[in-house]
Q: 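Once you've had a glance at the structure underneath, I'll fire off some questions.
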Amino acid sequence: MKYIQWGKWLFLILLTATNVRADDGYRLWLKYDLLKDVAKRQAYARSAQFIVVSGNSPVLKTAATELQAGLQGLTGKSVPIIANAGNRTGGIVLTVGADANLVDDGYRISKKGAAGNLIISGKTANGVLYGAFALLRKMQMLEPIETLSLTSNPRIRYRLLNHWDNANGTIERGYAGESLWKWYALPETIDPRYQDYARANASLGINGTVVNNVNATARFLTNEYLEKVAALAKAFRPYGIRVYLSIYFPAPKTIGGLSTADPLDPQVRKWWADKTKEIYKLIPDFGGFLVKANSEGEPGPQDYGRSHADGANMLAEALAPYDGIVMWRAFVYKADPNGDRFKAAHEEFMPYDGKFDKKVIVQVKNGPIDFQPREPFSPLFGAMTKTPLSVEFQITQEYLGFATHLVYEAPIFKECLEADTYVKGKGSTVAKVIDGSLHQYSMSAIAGVANTGSDRNWTGHPLAQANWYAFGRLAWDHTLTSEAIAGEWVKQTLTKEPQAVERITDMLMRSREIYVNYNTPLGLSRPWTGVHFAPEPWQNKSSRPDWTAIYYHRADSVGLGFDRTAKGSNALAQYAPEVRKMWGNPATCPLPYLLWFHHVPWTQKLSTGRTLWDELCTRFYTGADSVKWMQQQWAQVKPAVDPVLFADVAGRLETQHKEAIWWRDAWVLYLQPFARQPIPAPFKKPERSLEDVKRLVDIYQLR
Ligand code: GCW
C-alpha cells in the first residue's frame with residue numbers, strides 16, 4: 001500500500017519536472033520557447049548567427065537584446081551582439097537611416113543576395129524595434145525568413161492604450177486585478193513588470209500610454225506624482241513608449257490656488273503653461289493630455305460658459321513649445337428626458353468643427369452610446385470633417401461579461417473601422433477618417449481602454465490577451481483580418497498544433513456573435529447604470545432617465561426598440577444620406593442594427609422569415625446553446641494546450657454558459673408579457689420565474 005502511494009507521488013513529481021510546466025500566462029505572446037521543428041530551428045540559426053548594432057540609442061539596444069533573447073530561445077543557440085559585421089555574413093544588421101518608403105515608425109526587412117545579412121532598417125530607432133519584433137513574430141509562426149523582404153508602415157501615428165487606473169490602485173472597469181502601477185512605491189521602486197508591460201506593447205507597435213483614469217484627480221499633476229510618472233516614463237522609454245496623462249480640468253483651482261479654472265482666464269492659461277513646462281522638465285518626451293470634461297459629472301469649460309474648443313485650445317497653447325498633443329474626448333451627454341443620448345456627441349461637437357487648435361485631436365468612442373456589444377459607428381466619424389478624429393475602443397470587457405465571458409474583440413473593432421460613413425462618397429470608411437487619409441491629416445490616433453491588471457496573466461481571462469494583441473495589431477495596420485490576427489496570437493501563445501489552432505481560432509471568431517445573441521441581439525443595448533454585468537431589463541429607476549434600462553429598449557405592448565427615424569428622435573439625420581436611407585427603412589436596415597433605429601412590432605416578419613418575437617427567442621436560445629459548443633471545442637484542444645491554462649478557460653466557459661442562460665431567461669421572461677406570444681418550438685420555457693432571476697441579480701448587487 002505504502003509503495004503504491006510512493007509510486008504515485010514519484011510519478012507526479014516526475015511528470016511535473018519533465019512534461020508539465022504550468023503556463024501562468026505571464027509571458028503573453030512573447031514566449032520564445034525552443035522550437036520543436038529542428039529543421040526550422042537550424043534554418044533560423046543559420047540566418048541569425050550574430051546581431052550587428054552600432055550607436056548608443058537605447059531603443060536600438062532594446063531591439064538588439066530582444067532579438068538576441070528571442071533567437072536564443074527559439075533556436076537554442078547563443079547569438080552575439082557585435083558592433084561591426086566586417087565581412088561576415090549570415091547575421092542580422094540593425095540600422096537607422098533615411099528611407100523614402102518609410103514613415104517615422106515604419107521598418108523594412110530585406111536581404112541582399114542569398115549569402116548576405118538580413119537587414120532590419122528603420123527611419124527611427126522605434127522602427128527598427130518594431131522590425132525586430134516582426135521578425136521574431138515570423139519565426140514564432142514558423143514562417144521562412146531566409147528570403148524575407150517586406151516594408152511595413154503604421155497607418156496611424158499615435159497608437160495608445162488608455163488606462164482607467166486610479167491613484168489608490170483600483171481600475172475603473174478593470175477585471176484583472178489591481179493597477180499595474182504601484183504609485184506608493186514609485187519613484188524609488190521600479191517593479192520589473194513595468195518593463196514587461198512596455199515590451200509587450202512595443203511588440204505590437206503601441207507607442208504611447210495614458211497611465212491614469214479619465215475620471216482624473218489633480219493629484220497626478222502635483223510635483224510629487226509627476227516624479228512617479230517620470231519614473232514610469234523612464235522604464236517605458238527604451239521600448240519607444242511615451243507617457244500621457246489624463247487631467248482634471250479644475251486643477252488650477254484644486255492644486256494651483258486659483259479661484260477659477262476658466263480656460264479664457266490669463267492666470268489659468270499661465271498656470272497650465274507653467275505646469276506643462278514642469279512636466280517636460282521631468283519627462284522630456286511627454287506625450288500630452290487626455291481630457292474627459294463636462295461628461296458624467298466631470299467638470300469642464302462649460303462650467304464657465306466656455307466651449308470644448310476653448311478648453312482644448314488652452315491646453316494646446318500650453319503644449320505649443322513641445323511635441324505633445326491634446327486628446328479631447330467626445331463622450332458627453334446630458335440628462336435630458338426629451339433628448340436622445342445617441343445624438344449628444346454630435347450635437348455638442350459639430351458646432352466646433354474646424355475650431356480646434358492643430359495640436360488637438362477629438363477622441364470619439366466607436367459607437368454613439370457606450371461600448372455596447374454592438375453599436376453602429378458614431379455619426380461624428382462621418383460629420384466632423386475639419387477636425388482630426390481618433391477612435392476609442394474598449395478592450396476591457398465592461399459590457400462583455402468582464403473577465404468571465406469569452407469575447408474576441410477584433411471583429412468589433414473591424415466592424416467600426418470598415419463601416420462606410422459616405423462622407424466623401426462610397427468608400428469613406430471610419431478607418432480612412434481616423435488614419436488621416438480621407439481628409440489628409442498628418443495627425444492620427446487610436447486608443448484602446450486597457451484590459452490589463454496585476455493578475456499574473458495580465459488580463460484575467462487567459463484568452464482575453466488576444467484582445468490586447470488584436471488592438472495593437474489593428475492600431476498598426478487596420479487592414480489585417482480578425483482571423484489572421486487570431487491565428488497569429490494562438491500560434492504564439494497557446495499552441496502550434498494545426499488542428500488546435502484552427503479550433504481555437506474558430507471559437508474566437510464566433511465568440512462575439514454568440515455573446516451578442518444571448519446578451520443584446522438585433523440591436524438591443526444595455527448601458528444602464530450599475531456594474532454592467534447582470535441582466536436588468538426591468539430597471540426603471542435612476543437619478544436620470546438615460547441611466548435606466550427602459551430608456552434604451554423601449555419595450556411596450558406594440559413592440560421593441562428605439563425609434564430614431566424622423567418619426568422618432570431623428571438621430572439618423574446625423575448620418576450621410578446613403579446611410580440614413582439604408583438604416584432608416586426597417587426593411588433594409590441590417591438586422592444587427594434593427595432595434596437601434598426602429599420600434600418594431602412584435603409580430604413583424606423579419607428578413608429571416610420569423611416574427612420579431614420568434615427571432616429574438618431564437619437568438620437568445622441559440623446564443624446560450626452556442627456557449628456549450630465553445631465548451632466542446634475547448635475540450636477537444638486539451639492535449640494541445642497547457643493543462644493549467646486549459647482548466648482555467650474550461651472553468652470560465654462553464655460559468656459563461658450558466659450566465660448566458662441567465663441573460664436569456666431574464667430577457668425572455670421580462671419581454672414575454674409585452675409580446676404576449678408563446679416561446680416558439682423547439683425552445684423550452686425557462687424553468688425559473690422572472691422573480692427568481694431578479695432575486696439572483698439582487699444577490700449579485702448586494703453590498
Ligand atoms: O463606459 C462608461 C463607464 C465609465 C467610464 C465612462 C467614460 C471612465 O461606465 O466607467 O468612465 O464610460 O468612458 O468616460
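Excluded from the calculations below are hydrogen atoms, water molecules and symmetry mates; all remaining heavy atoms, backbone and side chain alike, are included. Whatever order the structure lists ligands and atoms in, that order sets their numbers, starting from 1.
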Q: Identify which one of Phe371, Tyr399, Trp547 satisfies the ring-ring contact (aromatic ring centres under 6.0 Å, His included) criterion when paired with His532.
A: Tyr399

Q: Which residues satisfy the ring pair (Phe, Tyr, Trp, His ring centres under 6.0 Å) test with Trp164, sequence neighbours excluded?
A: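 Per chain and number, Trp164 pairs via ring pair (Phe, Tyr, Trp, His ring centres under 6.0 Å) with no residue.
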
Q: Would you give me the side-chain donor-acceptor pairs under 3.5 Å for residues 246-253, sequence neighbours excluded?
A:
{"from": "Ser246", "atom 1": "OG", "to": "Asn212", "atom 2": "O", "distance (Å)": "2.8"}
{"from": "Ser246", "atom 1": "OG", "to": "Asn213", "atom 2": "O", "distance (Å)": "3.4"}

Q: Taking only residues two or more places apart in sequence or in another chain, which ones pass side chain to side chain contact (heavy atoms under 4.5 Å, CB included) with Asn223?
A: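 Partners of Asn223 under the side chain to side chain contact (heavy atoms under 4.5 Å, CB included) test: Glu227, Glu278, Leu282.
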
Q: Quick one: does Glu398's side chain get under 4.5 Å of Phe533's, heavy atoms only?
A: no

Q: Near ligand 1, which protein residues have a heavy atom under 4.0 Å away?
A: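 Those residues closer than 4.0 Å to ligand 1 by some heavy atom are Trp164, Glu172, Arg173, Asn213, Val214, Asn215, Lys292, Glu296, Arg329, Phe331, Lys365, Asp370, Glu398, His532.
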
Q: Which class fits the ring pair His553 and Trp667: parallel under 30°, tilted 30 to 60°, perpendicular over 60°?
A: perpendicular

